Structures are given as structure tokens and as C-alpha cells.
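Notes follow the structure.
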Amino acid sequence: MSRTISRLAEGWWDYTTLDEQIHRDAARLRVKDIEQLSRPGFRVVLHDTLESFYLAEALEYVRAWKQSTPSNPTGICGPIGPTEQLPLVAQLVNDLEISLKHAHFWGMDEWYENGKSVARSHPLSFARANDELLFSRIKPHLRIPNEHIYYPSADQSDRYSESFDEIRCLVMQGGQGDAKHWAFNDPLKREGIYKDAPPTPEEYRALPTRIVDLHPITLMQNARTSGGGYVVGVPMQALTVGPKETWKAEKVSIWQAGNHDNPFGMRLTAFMISKGIEDTSVPMSLLASHPDVEFHYYRHALKDVVTEMH
């Protein structure tokens, strides 16, 4: 049976190509139902305040970094989106006088434009955002060494990937975008061998750190959240950590405060992961097979999926 054409971008796979029954089942979930989606290997956590939400997210950094030693190096792979936790991480490190001498950090992704990673001078640079919101705010004698900070790059993607074998990534932390991605693991274009069906979960999980084409809704989202809607200022490609490296992380935690996806999208991925429904048109659904996944929500952002005219 042929798959439906996307309602959002007909040349792409995305969640609108799913069986509509999955949409209906996810949309009808109430908040109390979402809490009950937890199962072994998948935990749903609801936070009643934004303060507790972002503090809990920041503490993941601190816990991962405190465990690192020269003989057992550990770290965290972190996002730009959300970012509200980053100044809190710096404050915790400074106030508690936590030395990051042996800590490690992976940036999840970076924009790619004109055949290379964007420079830190680019207004949307993720490395720049991490520096401004986190690393530059840490007292100099406590800071993580520059050589312990890793970003994907076009000419050293293998080295970036290999670092996940040398250092324990205790947590891969991220948000969820409109395309139902973590990092920039977007659905693929509907072309070539994937014209009639998207890649299998096994094919997608084998994808390493790489240059990716970004789904149109990802471009729109980033323009909305970071660029005042100026979509032509958003690069159309990015470098991203892959599923291959994600499955080397001991835990994947996804943080959703309602700024980067809507009440339906936040339900859809949790429902699919809980029920073991894997489909690469919804990349986040593949986390159903990861052994330790947590979804954190700001409770009041979940609302209900209802029609409201404004």
C-alpha cells in the first residue's frame, strides 16, 4: 500500500505521511494518559514549573561532568534548543566550585553553508551560543579545557564519531523540533530509493555524524525561534550527530517546554516510543529501541489537542 503524500512538503517524508489512526490515537491523549506512557526503557517526567524543569535539565550537565576522571572520562552531548538551562549550568559550576578539568562536552550539531561549517561569527552559530550562554560564564579556573569540547565538522566527522568510543557519553540531551527530530536528524527527502517508502529503522539508525539537508519545517522553526522569522537567513544544511553515536550514549533525555513543538507533536513521539511504533518519517520514534530514554515536559505546555479559533 502506497504512503500518503506529505501535507507539508510533498518532496519529503514527515509525520503527515503516517497512518492517520496513529495521529488520532496520539491526539486524544490527555495529560494523565501521557504520564502513563512510561515503560521499561522509557520514562515520562512532568515538571510543574519552568524553574524545576530547567534546573533539572542543568543538573544533568553537572552530574555527567562530576563523574569524569582521567582514567574514566565522561561527558554530555548537549543541544542549542533548549538553551535556558545553559546559564544555570554555569551558575551551578561557579557557586559549587566544580572543576571541569576532566569533563567533556559534545555539541550536537552546527550549521553548514557554502561548503563548510559556519564560523562562530555567524549569528546562528551553535558553538557561539554555547560559548556565550555557558562556557564564557564559568570562572576561568573551573572551565572545561577547549580540547575537551567537540563539534561535528565536515573534515573531521570521523574523529568526532570516534570520540564517542573513547569517552563515555552519559547523556545525550536535546529538544524536539517540528520535524520530530533530535539534533538535526530530520526525515529524508522522498527521492531515489526512498521515493515510495522512507528508509527502514535499521537503515536510519546506522547513519553516522554527517551533513544533512533540512526539512522545510525545520527551516521555518529555526527562523521562528531564533531569527525573527527571517527564513532566508537560515542555512539549508547542517552537520549533526547521528543515530550511530546516539546509540553509544548511555541515556537520551528530551526536554520539551512547549517552545519548539506543539501539544500534538509532543504527544505523537511519546506515544510512538511507548508503543514501539518505529517509522523514519518520525525520526524521534526510533528512540523506541534505545535502552534508556527520558522525555521531560513542562506540564502546562501539553494542554489538550483541541480546536481553538483566535
Side-chain angles (χ1 to χ4, degrees), residues 31 34-35 37-38 42-68 74-96 98 100 103-109 126-127 129-138 142-144 149-151 168-178 180-185 221-222 225-226 240-241 246 249-263 265-266 269-270 273 284 287 290 292-302:
V31 173
I34 297 170
E35 291 182 279
L37 291 176
S38 295
F42 178 54
R43 181 170 174 246
V44 175
V45 182
L46 271 62
H47 300 264
D48 291 323
T49 68
L50 285 173
E51 291 83 359
S52 65
F53 178 93
Y54 289 120
L55 178 59
E57 188 175 9
L59 285 169
E60 282 197 332
Y61 280 70
V62 174
R63 285 194 294 268
W65 284 342
K66 286 185 69 175
Q67 294 182 53
S68 192
T74 62
I76 183 170
C77 183
I80 295 297
T83 58
E84 288 84 352
Q85 77 281 7
L86 298 178
L88 297 178
V89 175
Q91 184 176 349
L92 289 168
V93 169
N94 288 337
D95 289 353
L96 298 176
I98 300 170
L100 303 183
H104 293 260
F105 173 80
W106 294 269
M108 299 186 85
D109 36 31
F126 293 154
N130 273 315
D131 287 343
E132 292 181 348
L133 295 172
L134 173 56
F135 296 122
S136 68
R137 300 186 184 207
I138 295 173
L142 299 175
R143 286 179 188 167
I144 188 169
I149 300 174
Y150 316 95
Y151 287 99
R168 290 172 61 208
C169 180
L170 297 184
V171 183
M172 184 172 289
Q173 185 187 93
Q176 173 173 302
D178 287 338
K180 321 307 174 216
H181 63 204
W182 78 101
F184 276 130
N185 290 295
Q221 176 190 337
N222 280 274
T225 59
S226 303
T240 188
V241 67
T246 301
E250 296 184 11
K251 181 174 82 170
V252 177
S253 68
I254 304 299
W255 297 77
Q256 304 184 68
N259 298 324
H260 296 93
D261 204 355
N262 51 54
M266 290 190 284
T269 52
I273 291 172
M284 192 75 80
L287 293 176
H290 192 285
D292 190 359
V293 176
E294 290 182 354
F295 268 30
H296 292 258
Y297 295 102
Y298 173 46
R299 181 188 298 272
H300 304 291
L302 283 167

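What you see is a predicted model, and the numbers here were worked out from it, not measured in a lab.
The shortest side-chain heavy-atom distance between Arg299 and Glu35 falls under the 4.5 Å cut-off. Here the side chains of Gln256 and Phe295 are in contact, with some heavy-atom distance below 4.5 Å. By the 4.5 Å heavy-atom criterion applied to side chains, Glu294 and Lys251 are counted as neighbours. Using a 4.5 Å cut-off on side-chain heavy atoms (C-beta onward), Met266 and Leu302 make contact. Side-chain contact between His181 and Phe184: present, with at least one pair of heavy atoms (C-beta onward) separated by less than 4.5 Å.
For the pair Ala129 and Ile80, the tightest heavy-atom approach, listed with the atom from each and the gap, is CB-CD1, 3.7 Å. Closest heavy-atom contact between Ser253 and Val171: OG-CG1, 3.6 Å.
Put simply, the side chain of Asn94 gets close to the backbone of Arg137: a donor and an acceptor are under 3.5 Å apart. Between the side chain of Gln176 and the main chain of Gly265, a donor-acceptor pair closer than 3.5 Å is present.
For the atom pair CZ (Arg63) and CG (Leu92), the distance works out to 10.5 Å, reported to the nearest 0.5 Å. Rounding to the nearest 0.5 Å gives a distance of 10.5 Å between NE2 of His104 and CD1 of Ile149. Atom CE of residue Met172 and atom CD of residue Glu60 lie 12.5 Å apart, to the nearest 0.5 angstrom. The CG atom of Asp109 sits 8.0 Å away from the SG atom of Cys77 when rounded to the nearest 0.5 Å.
Under the 6.0 Å cut-off for aromatic ring centres, Tyr297 and Phe53 do not qualify, their centroids lying 6.0 Å or more apart.
A salt bridge between Lys180 and Asp261 is present, with a side-chain N of the basic residue lying under 4.0 Å from a carboxylate O of the acidic one.
Residues satisfying the side chain to side chain donor-acceptor pair (under 3.5 Å) criterion with Ser38, sequence neighbours excluded, are absent altogether.
Ring orientation note: the planes of Phe105 and Phe135 are nearly perpendicular, at an angle over 60° on the 30°/60° scale.
Between the side chains of Thr246 and Trp182, at least one donor N or O sits under 3.5 Å from an acceptor N or O.
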Just do the ring-ring contact (aromatic ring centres under 6.0 Å, His included) check on Phe126 and Tyr151 with the steps written out, would you? CA-CA 9 Å; Phe126 293 154; Tyr151 287 99; 8.9 Å; no
